[in-house]
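Every chain is numbered from 1, with letters handed out A, B, ... down the list of sequences. Note that these values count all heavy atoms, side chains included, but never hydrogens, waters or copies made by symmetry.
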Number of protein chains: 2
Amino acid sequence: MAVTIKDVSAKCGLSISTVSKAFNNYADISAETRELVHRTAREIGYYPNAIARTLKTNRSYNLGVLFQEERGTGLTHSFFASVLDAFKSEAEKHGYDITFINHNISWTGMTYLEHCRYRNVDGVCVVCANFYAPEVVELVASDIPVVTIDHAFSNRSCVLSENIEGMKALVAHAAALGHRRIAYVHGEHASVTENRITGFYRGLSEHGIEANPEYLVDSVYDSPEAGAKAIKQLMQLPEPPTCILMPDDHTALGALAAAAELGLRVPEDLSIGGYDGSRITQMTHPRITTVVQDSKCMGKQAALYLIDRIENPRTAGSEMGMIPTKLLAGESIGPVPERK
Amino acid sequence: MAVTIKDVSAKCGLSISTVSKAFNNYADISAETRELVHRTAREIGYYPNAIARTLKTNRSYNLGVLFQEERGTGLTHSFFASVLDAFKSEAEKHGYDITFINHNISWTGMTYLEHCRYRNVDGVCVVCANFYAPEVVELVASDIPVVTIDHAFSNRSCVLSENIEGMKALVAHAAALGHRRIAYVHGEHASVTENRITGFYRGLSEHGIEANPEYLVDSVYDSPEAGAKAIKQLMQLPEPPTCILMPDDHTALGALAAAAELGLRVPEDLSIGGYDGSRITQMTHPRITTVVQDSKCMGKQAALYLIDRIENPRTAGSEMGMIPTKLLAGESIGPVPERK
DNA sequence: ATCGTTTTCGGAACCGTTTCCGATCTGCGG
DNA sequence: CCGCAGATCGGAAACGGTTCCGAAAACGAT
């Protein structure tokens, strides 16, 4: 069925090796021959078989993407989906396809690394996972090129979002509007979270606000329910906060609903901040004040680092890309209400 | 670096073919030998190389996923992301990985079909594309197993969402609340849209409501901006609708904001309906009344059809899965306001 | 005409598997 | 003790390419 290199070689009366070399731009092929080969290839619709090529060259032009499985969200998570989309586009622009690396149920029980070898991926982008899991560590310690997103390993390239600055800017924005009782409901522990907490505290101290431990609430990402719970908990404090910063936009959306349930107007009675800069923040009423993470840039940069590492194994070093964040002021953080 | 079948054969003093057969459960291998092979394989960490296996067997255990490229949304679209996620999970459960099929810029200009052959995918799931594009038709007409989502080709398996019934149910819900001036802002033309329009008209006629051509607005999916524009246009009619159904939940969210801008309360002054049943509908205030599409089920079913077709080429026919939809009543469609 | 050099091409091994087919060995009835 | 069937295993070709290396041809210089 499929047309192979043999068909091309037969059709133009050349040897297989000559056709192969013509296709791979070897120097010892005359211009006319090269032209002939390409022409007949086009005629009979020949494309080199990636599988055979990979077997021989050990280059698959396939990049692995490691997504966490623990939480159900997967591809549904808008921030990661956006990062992935950009990664994919950039990879494809360079001739790479992508495959997901994971070990779902009923699979032969391969580790991430084994899966990578099994599929011969040229490199892996670890987008979102428990970076401390032994399996991830094993992968990162292997000889396979790796780039990580939002987590830095030594001697591995990574792309980081400027979380400290982003959070600081958000706190500064709230402080500028007079808020001093600012709470932060944060997500699971990870580099991202730690940086945001750092940014949160720095933002507070830069505005001379004393940190109140009760205002730092342990919660999870991407859970409007948990967000709502946190809100209710915070608002029952003897001295409730006037501004609550949520771990992400989805949770902030849930917080808006929770506030409405409590009979609180946003931002007149309570200010709420999000994080990520997803599209929905601009569709709500009030629009959610958030910190935009440049997910497109992050995904693209990760692809560039990884491909560079793959194609220039000796010259390419381990880069660290810091992608700036940007405050997007909506209406959900308003002036602090008069003290009653 | 990688450990091959040779290492296993050397380690247990058996021939390569024996090891291979032991791994593939051939009958002419004694139980002890099989056990020995598996044990030493586990010891030295051997996994068969998928590439070599594919080259020989012409089975890649890789499924292609065809996503549209025209609109920027890509993976970001929550409905498709959800379908894809379910498809992926089910595929992985059966030992398949997935790769995206497309023809992005700077690529050698392969068609979808050529890309499929290039990567030796065992089958393709066409999730979201222009089903009338020549390239898609070429793929569907090929010998590669194909399953389509939300579009039916003859003699190809497909998974359809019950759009007619879903839309009818939504109209019925509005009618039950007294609405008779119901508008529908629909997305681009595709099977989905046509079915929904059909359902819309049937719903109207079943409740004795005469269709008003001005109440059917041509718009696009997933565009809050376009949604907002449509709302404003509709509300300027001499007899504006009391209930507006949007093409999807994101657009409905945009419509909510647009209504707020116009000073209209939802649902007191204007009712708005969504479609898809995405998570955000339950996080807004008011919650958006929508039609839930069972995206998980759709993705899973598509994977099952495709794999069945691949693994049982003769017995498997072309199936058509109709996935039921469910009305999810929020608060965004309320009783019709008193005629002023 | 001879020789060395450069250009251009083909032969063949190899990548890691699968699988057909033949070889060996065992047990058993006659 | 022979022959034969069944059980086990190994040899080798093949999948579709790449790439090393040698051979042939062409060419220029002497």
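- Remark: A:Glu43 engages A:Lys11 in a salt bridge (charged side-chain N to carboxylate O under 4.0 Å, His left out) (not counting sequence neighbours).
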* To do: Assign a letter to each nucleotide of nucleotides 13-21 of chain C from its 5' end: B, base within under 4.0 Å of a protein heavy atom; S, sugar-phosphate only; -, no contact.
  => -BBBBBBB-

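- In this structure, B:Tyr118 atom OH and D:dC15 atom P are separated by 21 Å, rounded to whole Å.
- Qualifying salt bridge (charged side-chain N to carboxylate O under 4.0 Å, His left out) partners for A:Glu35, counting only residues two or more places apart in sequence or in other chains: A:Arg39.
- Note on ring orientation: taking the six-membered ring where Trp is involved, the planes of A:His151 and A:Tyr132 are perpendicular (angle over 60°, cut-offs 30° and 60°).
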Output a table of donor-acceptor pairs, distance under 3.5 Å, between side-chain atoms of residues 313-320 of chain B and any protein atom two or more places apart or on a different chain; print 'none' if there are none.
none

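- Here the P atom of nucleotide D:dC15 and the CG atom of A:Asp7 are 12 Å apart, to the nearest Å.
- If you check residues 30-38 of chain B against DNA chain D, the residues with a heavy atom closer than 4.0 Å are B:Ser30, B:Thr33, listed by number.
- Applying the ring-ring contact (aromatic ring centres under 6.0 Å, His included) test to pairs two or more places apart or on separate chains, those with a residue in residues 3-23 of chain A are A:Phe23-A:His38, A:Phe23-A:Tyr46.
- In this structure B:Phe79 satisfies the ring-ring contact (aromatic ring centres under 6.0 Å, His included) test with no other residue, sequence neighbours excluded.
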Detail all sub-3.5 Å separations between protein N/O atoms and N/O atoms belonging to nucleotides 23-25 of chain C.
none

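- With sequence neighbours excluded, the residues that form a salt bridge (charged side-chain N to carboxylate O under 4.0 Å, His left out) with A:Glu90 are A:Lys93.
- Within the structure, the side chain to side chain donor-acceptor pair (under 3.5 Å) test picks out the following pairs touching residues 297-308 of chain B (sequence neighbours left out): B:Asp308-B:Asn312.
- D:dT18 atom C1' lies 14 Å from atom CG of A:Asn25, rounded to whole Å.
- With sequence neighbours excluded, the residues forming a side-chain hydrogen bond (donor to acceptor under 3.5 Å, both in side chains) with B:Asn58 are B:Asn120, listed by chain and number.
- Evaluation of the salt bridge (charged side-chain N to carboxylate O under 4.0 Å, His left out) rule for A:Asp122 yields A:Arg59 as partners, not counting sequence neighbours.
- Distance, B:Asn58 CG to D:dG17 P: 12 Å, rounded to whole Å.
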